[in-house]
Enquirer: 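Quick one: the structure is below, and I'll ask about it shortly.
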Amino acid sequence: MKKLLLSTLLLCTLGLFAQEQKEQKVSQMFFEAKVCELAKQLNFTESQKAKFIPIYRRYNEEMKNIWRKTQKPKKIENSEEAAKYVKQKIVKQQQAQEVCIKYIDEFAAILDQQQIIRLYYVEGQIQRKLMQRHKHGKSNQPKENKN
């Protein structure tokens with residue numbers, strides 16, 4: 001009985017570990033795609049790109065940490081819950097703006113005036129495209145046949 005329990009626990013742990021690794025790999029792929037698109041749209045030199053990536057990685061992690069914690073409740077029952085959700089979202093937006101402000105000087109030390117002006121606009125476009133693809137991909141996944 002103990003061996004069965006231990007085996008089950010081990011399989012669950014391995015499954016969670018595999019899922020976490022998959023999520024990290026997908027996250028890394030999104031990050032690389034964003035950097036590639038930013039470099040293309042903002043015409044980075046190789047030197048700029050090399051300096052930009054480590055700073056952008058820190059910036060990206062801080063942003064992910066802010067938004068990761070926000071989930072819309074499955075069902076909002078009343079106005080108080082709706083107000084609470086909207087307030088939480090606004091607080092997250094404020095935190096995200098603070099991160100943008102925090103990093104702008106570091107980006108400005110690497111990028112020229114036109115690149116720095118376009119950086120957050122282009123990043124927003126990329127983020128919207130990724131979200132659309134993510135949503136579109138989920139809705140196009142085949143549904144399980146329960147027959």
Side-chain angles (χ1 to χ4, degrees), residues 5-112 114-144 146:
L5 184 60
L6 192 57
S7 297
T8 304
L9 184 60
L10 181 61
L11 285 174
C12 288
T13 302
L14 289 174
L16 290 173
F17 180 71
Q19 179 67 26
E20 188 175 303
Q21 283 192 320
K22 181 181 177 185
E23 289 173 8
Q24 286 176 352
K25 186 175 181 179
V26 169
S27 180
Q28 181 62 26
M29 287 171 47
F30 277 147
F31 176 78
E32 290 171 5
K34 283 169 50 176
V35 168
C36 187
E37 187 66 18
L38 282 167
K40 178 182 162 193
Q41 294 238 3
L42 299 176
N43 298 315
F44 287 176
T45 65
E46 285 303 315
S47 174
Q48 285 176 317
K49 188 175 177 181
K51 293 174 186 174
F52 178 81
I53 289 173
I55 298 167
Y56 189 70
R57 186 176 309 280
R58 290 192 323 268
Y59 162 83
N60 193 62
E61 285 301 314
E62 286 190 42
M63 290 301 238
K64 277 184 359 186
N65 288 334
I66 289 169
W67 292 110
R68 177 179 293 142
K69 300 170 190 171
T70 303
Q71 286 187 341
K72 185 176 180 182
K74 291 183 182 195
K75 189 172 185 183
I76 296 176
E77 298 287 336
N78 54 48
S79 296
E80 289 81 19
E81 288 179 10
K84 181 180 176 183
Y85 169 70
V86 171
K87 286 177 187 178
Q88 288 174 346
K89 193 168 181 180
I90 292 169
V91 167
K92 297 294 181 186
Q93 290 169 341
Q94 289 174 327
Q95 291 170 340
Q97 286 180 335
E98 289 170 8
V99 170
C100 289
I101 291 167
K102 174 182 167 183
Y103 280 91
I104 196 72
D105 291 332
E106 288 186 66
F107 292 139
I110 299 166
L111 307 176
D112 68 30
Q114 292 303 315
Q115 290 169 320
I116 202 69
I117 289 170
R118 294 205 52 211
L119 173 64
Y120 292 111
Y121 173 75
V122 172
E123 188 197 30
Q125 285 182 318
I126 294 167
Q127 200 65 29
R128 281 187 292 283
K129 285 179 188 176
L130 289 172
M131 293 299 288
Q132 286 173 343
R133 287 182 183 164
H134 181 70
K135 286 180 183 178
H136 185 69
K138 279 186 173 181
S139 65
N140 281 346
Q141 290 178 352
K143 301 208 186 310
E144 285 185 33
K146 295 186 179 185

Enquirer: Can you name the residues that form a salt bridge (charged side-chain N to carboxylate O under 4.0 Å, His left out) with Glu61, not counting sequence neighbours?
Expert: Lys64
Enquirer: Can you list everything that forms a salt bridge (charged side-chain N to carboxylate O under 4.0 Å, His left out) with Glu98? Sequence neighbours excluded, please.
Expert: none
Enquirer: Of all residues at least two apart in sequence or in a different chain, which pass the side chain to side chain contact (heavy atoms under 4.5 Å, CB included) check with Ala39?
Expert: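 For Ala39, the residues satisfying side chain to side chain contact (heavy atoms under 4.5 Å, CB included) (neighbours in sequence not counted) are Phe44, Lys49.
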Enquirer: Sequence neighbours left out, what pairs pass salt bridge (Lys or Arg N to Asp or Glu O under 4.0 Å) with at least one residue falling in residues 121-132?
Expert: none
Enquirer: Check side-chain hydrogen bond (donor to acceptor under 3.5 Å, both in side chains) between Gln93 and all other residues, then give those that pass, not counting sequence neighbours.
Expert: none
Enquirer: As an exercise, state the distance from OH of Tyr56 to OH of Tyr103, rounded to the nearest 0.5 Å.
Expert: 12.0 Å
Enquirer: Going by heavy atoms in the side chains, are Gln95 and Glu62 under 4.5 Å from each other?
Expert: no
Enquirer: Please identify each residue that fulfils salt bridge (charged side-chain N to carboxylate O under 4.0 Å, His left out) with Glu37, with sequence neighbours left out.
Expert: none
Enquirer: Restricting to side-chain hydrogen bond (donor to acceptor under 3.5 Å, both in side chains), what partner residues turn up for Lys51, sequence neighbours left out?
Expert: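 In terms of side-chain hydrogen bond (donor to acceptor under 3.5 Å, both in side chains), with neighbours along the sequence ignored, Lys51 is linked to no residue.
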Enquirer: Partners of Glu80 by side chain to side chain contact (heavy atoms under 4.5 Å, CB included), sequence neighbours excluded?
Expert: Asn78
Enquirer: So, using ring-ring contact (aromatic ring centres under 6.0 Å, His included) as the criterion, who are the partners of Phe107 when residues are at least two apart?
Expert: Phe52, Tyr59
Enquirer: With rounding to the nearest 0.5 angstrom, report the CD to CD1 distance, Glu106 to Ile55.
Expert: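 If we round to the nearest 0.5 Å, Glu106:CD and Ile55:CD1 are 5.0 Å apart.
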Enquirer: Kindly check if the number of other-residue, nucleotide or ligand heavy atoms within 6.0 Å of CD (Glu46) is above 12?
Expert: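 No - once you tally the heavy atoms of other residues, nucleotides and ligands closer than 6.0 Å, there are 12 at most.
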Enquirer: Run the salt bridge (charged side-chain N to carboxylate O under 4.0 Å, His left out) test against Arg57 and tell me which residues pass, sequence neighbours left out.
Expert: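 Applying salt bridge (charged side-chain N to carboxylate O under 4.0 Å, His left out) to Arg57 gives none.
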Enquirer: Considering all heavy atoms of both residues, which atom of Ala50 and which atom of Pro54 are nearest to each other, and what is their separation?
Expert: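 The answer is O-CD, 3.2 Å.
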Enquirer: Looking at Lys75 and Glu81, is any side-chain nitrogen of the basic one under 4.0 Å from a carboxylate oxygen of the acidic one?
Expert: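 Salt bridge absent between Glu81 and Lys75.
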Enquirer: Roughly how far, to the nearest 0.5 Å, is the CG atom of Asn60 from the CZ atom of Phe30?
Expert: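 One gets 11.5 Å once the value is rounded to the nearest 0.5 Å.
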Enquirer: Scan the side chains in residues 114-122 for donor-acceptor partners under 3.5 Å anywhere in the protein, sequence neighbours excluded, and list what turns up.
Expert:
residue: Gln115; atom: OE1; partner: Gln48; partner atom: NE2; Å: 2.7
residue: Gln115; atom: OE1; partner: Asp112; partner atom: N; Å: 2.9
residue: Gln115; atom: NE2; partner: Leu42; partner atom: O; Å: 2.7
residue: Gln115; atom: NE2; partner: Asn43; partner atom: O; Å: 3.3
residue: Gln115; atom: NE2; partner: Gln48; partner atom: OE1; Å: 3.2
residue: Tyr120; atom: OH; partner: Cys100; partner atom: O; Å: 3.1
residue: Tyr121; atom: OH; partner: Gln125; partner atom: NE2; Å: 3.0

